[in-house]
Enquirer: 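Mind having a look at this structure? Questions to follow.
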Amino acid sequence: MIMSRIEAPRDDRTGNLVDLLLGGLPAEAVLTDPDVTASYAHDMASFCPAGTPAVVVLPRTAEEVQHVMRTATALRVPVVPQGARTGLSGAANASEGCIVLSLTKMDRILEISPVDRIAVVEPGVVNAALSRAVGEHGLYYPPDPSSWEMCTIGGNIGTASGGLCCVKYGVTAEYVLGLDVVLADGRLMSTGRRTAKGVAGYDLTRLFVGSEGSLGIVVRAVLALRPKPPAQLVLAAEFASGAAACDAVCRIMEGGHVPSLLELMDRTTVKAVNDLAHMGLPETTEALLLAAFDTTDPAADLGAVAALCEAAGATQVVPADDAAESELLLQARRLSLTALEAVKGVTMIDDVCVPRSRLAEMLAGVDRISAKYGLTIGVVAHAGDGNTHPTVCFDPADPEESRRARESFDEIMALGLELGGTITGEHGVGVLKKEWLAREIGPVGMEMQRAVKQAFDPLNILNPGKLF
């Protein structure tokens, strides 16, 4: 549904904005129908306010993005950049009267170089599409958020996304070599490099990664690639307690093993996945640990890890026989958040990362918080790097339950900080965790963050109200 300039509802301010945008954009790239623009108002986070966009634009080129930003600067209109809106912190939520800048039409893979081991992409490229494309060249793009079939590279860069393979391969920030960025005033800046190494000046590329669209609009990215590894094999280990599973995680990491995946699902999550997909996971377990290796001899690596799990008290250890069985176990893990959402219809997904040595304390604390508030809280975790996703299930139609959900969410974040962790390992701050950012980094840190924002966006038109 795309309205023409004549059909679009207008007042003097909105009409002038639309007219100016149409001066440098094709008509089909400018959406003004209120029913359509409302659908771009928010991402997938709960408890995050969102305004009503004045207009949604879908540019296809960097020059069109520059035109949007020059128009926004001239009229002092806020701009909220968006990808697939799969975020979980409200970072892509619209501000009242803003331009929503959806980058999903900028979806070209511009280059794949097996020699340089890089890919050059536009921000709207879907993560899974890139992974499959580079795989045809014998290459591998490791970051794989659970939403990889939907989320975009631009969104991954904006929130510094992680994924299941972070324990071995690291997060998005480690794969972004260079960027083309449109600044708030419409200027185009290039950062970083396409070489294997380079240390010229401040690392502005890393500054944009995780900035949630508050410093500039990424219109092109140079991404590092790796050789495609062998197919991984997965092991599933059942434990009678979360503490025993976390002990196994510590033994695995202390032993020098480098799994390609080390994931934990608590009993609540396992039951939710079974209820949703009837996958036959063992509901008698208190914690299910999934470990994977993509080495040349994964069976030997899994054998060593199996012994460590048994030493930590595993009640059963089952290695997958082949890649198909391994993929089935990984599918169960990928379904975790969807399954927990089905418990009550809505979830608040926390994103607290703690030192691996404190992981057992984190799980025990979440159990206490769940009992205190009388709520179902399932925990799924990237256990290998201490990144937990306590997921609060609640009925949004029940005001009292919604209140308890929000309070329990905050207690979980406080617990993470008490254990020496961080309020977000991969989802970002957005709107949801603004007050908690200040608690984590302190007043001097906040002063420096605001100074950086002022340098790049003195009019505060880029994604205002996010982060701080």
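Keep in mind it's a predicted model, so treat the numbers as computed, not measured.
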Enquirer: Going through the distances and angles, do E136 and R132 end up as a salt bridge (Lys or Arg N to Asp or Glu O under 4.0 Å)?
Expert: CA-CA 7 Å; E136 294 177 2; R132 294 185 183 112; over 6 Å; no
Enquirer: Quick check against the 3.5 Å criterion: does N93 have a side-chain atom that pairs as donor or acceptor with the backbone of P49?
Expert: yes
Enquirer: Roughly how far, to the nearest 0.5 Å, is CG of L432 from CE of M348?
Expert: 5.0 Å
Enquirer: About how many Å separate CG of L281 and CG of L329, when rounded to the nearest 0.5 Å?
Expert: 7.5 Å
Enquirer: Could you go through E212 and K466, starting from their C-alpha distance and side-chain angles, then the distance that decides it, and tell me whether this counts as salt bridge (Lys or Arg N to Asp or Glu O under 4.0 Å)?
Expert: CA-CA 8 Å; E212 302 183 18; K466 312 297 167 56; over 6 Å; no
Enquirer: Tell me, with the steps shown, if K433 and D350 meet salt bridge (Lys or Arg N to Asp or Glu O under 4.0 Å).
Expert: CA-CA 10 Å; K433 299 185 176 184; D350 222 321; 3.3 Å; yes
Enquirer: Under the 3.5 angstrom rule, does the side chain of T205 hit a backbone N or O of G178 as a donor-acceptor pair?
Expert: no
Enquirer: Under 3.5 Å, is there a donor-acceptor pair linking the side chains of D351 and T424?
Expert: yes
Enquirer: For Q232 and S326, test the side chains for any donor-to-acceptor distance below 3.5 angstrom and give the result as yes or no.
Expert: no
Enquirer: Decide whether N156 and T172 meet the rule of one side-chain donor and one side-chain acceptor closer than 3.5 Å.
Expert: no
Enquirer: Got a second to check how far I112's CD1 is from Y141's OH, nearest 0.5 Å?
Expert: 13.0 Å
Enquirer: Which pair of heavy atoms, one from G90 and one from D43, lies closest together, and at what distance?
Expert: N-OD2, 3.0 Å
Enquirer: Could you check whether Y140 and Y169 have their ring centres less than 6.0 Å apart?
Expert: yes
Enquirer: Would you call the rings of H427 and H389 parallel, tilted or perpendicular, taking 30° and 60° as the class edges?
Expert: parallel
Enquirer: To the nearest 0.5 angstrom, please state how far the OG1 atom of T391 sits from the CD1 atom of I412.
Expert: 8.5 Å
Enquirer: Applying side-chain contact (heavy atoms from CB on, under 4.5 Å), run through T422 and V352 and close with a yes or a no.
Expert: CA-CA 6 Å; T422 176; V352 174; over 6 Å; no
Enquirer: Would you say that more than 12 heavy atoms from the other residues, nucleotides or ligands in this model lie under 6.0 Å from the CZ of R60, or not?
Expert: no
Enquirer: Is it the case that the side chain of N127 and the backbone of C151 share a donor-acceptor pair, with hydrogens and angles ignored and the cut-off at 3.5 Å?
Expert: no
Enquirer: For A236 and L288, work out which heavy atoms get closest and say how close.
Expert: CB-CD1, 4.2 Å
Enquirer: Show the nearest heavy-atom pair for residues G162 and V171, with the distance to one decimal.
Expert: CA-CG1, 4.0 Å
Enquirer: What's the spacing between M279 CE and R333 CZ if we round to 0.5 Å?
Expert: 12.5 Å
Enquirer: Measure across A184 and L462 and return the closest heavy-atom pair with its distance rounded to 0.1 Å.
Expert: CB-CD1, 3.8 Å
Enquirer: State whether the number of non-hydrogen atoms from other residues, nucleotides or ligands found under 6.0 Å of K105 atom NZ is greater than 12.
Expert: no
Enquirer: Can you tell me if E254 has over 12 outside heavy atoms packed within less than 6.0 Å of its CD?
Expert: no
Enquirer: To check you understand the geometry: which heavy-atom pair defines the closest contact between R358 and E361, and what is its length?
Expert: NE-OE2, 2.5 Å
Enquirer: Could you give me the CA-CA distance, side-chain angles and deciding distance for S89 and V429, then say whether side-chain contact (heavy atoms from CB on, under 4.5 Å) is met?
Expert: CA-CA 6 Å; S89 67; V429 175; 6.0 Å; no
Enquirer: Is the side chain of T71 donor-acceptor paired with the backbone N or O of L17 at a distance under 3.5 Å, no angle test?
Expert: no
Enquirer: Distance check, rounded to the nearest 0.5 Å: L225 atom CG versus S131 atom OG?
Expert: 9.5 Å
Enquirer: Evaluate whether atom CZ of R187 has more than 12 neighbouring non-hydrogen atoms of other residues, nucleotides or ligands under 6.0 angstrom away.
Expert: no
Enquirer: Does the salt bridge (Lys or Arg N to Asp or Glu O under 4.0 Å) test come out yes or no for E263 and R334, once each step is laid out?
Expert: CA-CA 10 Å; E263 298 287 306; R334 289 188 186 277; over 6 Å; no
